[in-house]
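Take a look at the structure below.
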Amino acid sequence: QIQLVESGGGLVQAGGSLRLSCAASGRTFSSYAMGWFRQVPGKEREFVAAITWSNGNTNYADSVKGRFTIARDNAKKTVYLQMNSLKPEDTAVYYCAAQTRVIFSRSASAFDYWGQGIQVNVSS
């Protein structure tokens with residue numbers, strides 16, 4: 001089992017920045033990659049970004065490319081999502097997820113463990 005705890009959400013004005021953190025614990029050695037997803041009511045969970053633990057390969061959704069940066073600290077078993085130039089449409093519950101299979105997929109179904117989610121609100 002892998003436990004994931006997100007932090008760093010909140011309210012920010014459009015154009016501002018936030019940094020989300022995801023602390024992993026438990027059988028983290030079984031995790032191949034980490035990802036961030038987001039969801040708004042009535043919509044499916046949407047891929048945001050992912051990173052591999054071993055070599056730091058990254059993958060981003062087109063909607064956040066150039067504005068968001070995913071990073072990891074292997075020693076702290078923590079993954080970060082730096083969000084800059086935030087827009088009202090970035091408002092969502094953000095989820096951290098761990099992927100154990102070596103496939104580096106954007107699909108939510110490929111991720112095995114999930115955090116509880118954290119709210120990000122961007123005001124216009």
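By convention here, the first residue in the shown sequence is residue 1.
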Note, [X] side chain near [Y] side chain (heavy atom, < 4.5 Å):
X      : Y     : value
Ile70  : Tyr80 : no
Ser105 : Gln99 : yes
Ser63  : Glu46 : yes
Tyr95  : Arg45 : yes
Val120 : Leu20 : yes
Ser123 : Leu11 : yes

Verdict with supporting geometry, Ile51 and Val79, side chain to side chain contact (heavy atoms under 4.5 Å, CB included): CA-CA 8 Å; Ile51 188 167; Val79 174; 4.2 Å; yes
Heavy-atom closest contact ([X] atom, [Y] atom, distance):
X      : Y     : result
Ala24  : Leu4  : CB-CD2, 3.7 Å
Tyr60  : Thr69 : OH-CA, 3.3 Å
Val48  : Val64 : O-CG2, 3.5 Å
Cys22  : Trp36 : CB-CZ2, 3.6 Å
Ile118 : Gly8  : CD1-N, 3.5 Å
Leu18  : Gly9  : CD1-C, 4.5 Å

For [Y], is there any backbone N or O sitting under 3.5 Å from a side-chain donor or acceptor partner on [X]?
X     : Y     : answer
Arg72 : Trp53 : yes
Glu6  : Cys96 : yes
Arg67 : Ser85 : yes
Thr52 : Asn57 : yes

In terms of hydrophobic clusters joined by side-chain contacts under 4.5 Å, are [X] and [Y] together?
X      : Y     : value
Phe47  : Val93 : yes
Phe111 : Met34 : no
Ile103 : Tyr32 : no

Atom pair CE/CZ of Met83 and Arg38 - distance to nearest 0.5 Å: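 It comes to 9.0 Å.
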Exercise: do Ser107 and Ser109 side chains pair donor with acceptor under 3.5 Å: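 There is such a pair between these side chains.
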Any donor-acceptor N or O pair under 3.5 Å, side chains Asp112, Thr100: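 Judged by distance alone, the side chains do pair up.
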Stepwise salt bridge (Lys or Arg N to Asp or Glu O under 4.0 Å) check, Asp90 with Lys87: CA-CA 5 Å; Asp90 293 318; Lys87 305 175 181 180; over 6 Å; no
Pairs where residues 13-23 contributes a residue and the test side chain to side chain donor-acceptor pair (under 3.5 Å) is met, not counting sequence neighbours: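 Residue pairs with at least one partner in residues 13-23: Ser17-Asn84.
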Partner residues of Tyr94 under the ring pair (Phe, Tyr, Trp, His ring centres under 6.0 Å) criterion, sequence neighbours left out: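 Partners of Tyr94 under the ring pair (Phe, Tyr, Trp, His ring centres under 6.0 Å) test: none.
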Flag if over 12 foreign heavy atoms under 6.0 Å of CZ, Arg27: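 It does not: Arg27 CZ has 12 such atoms or fewer within range.
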Aromatic centroids of Trp114 and Phe37 separated by under 6.0 Å: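 Between Phe37 and Trp114, the centre distance is under 6.0 Å.
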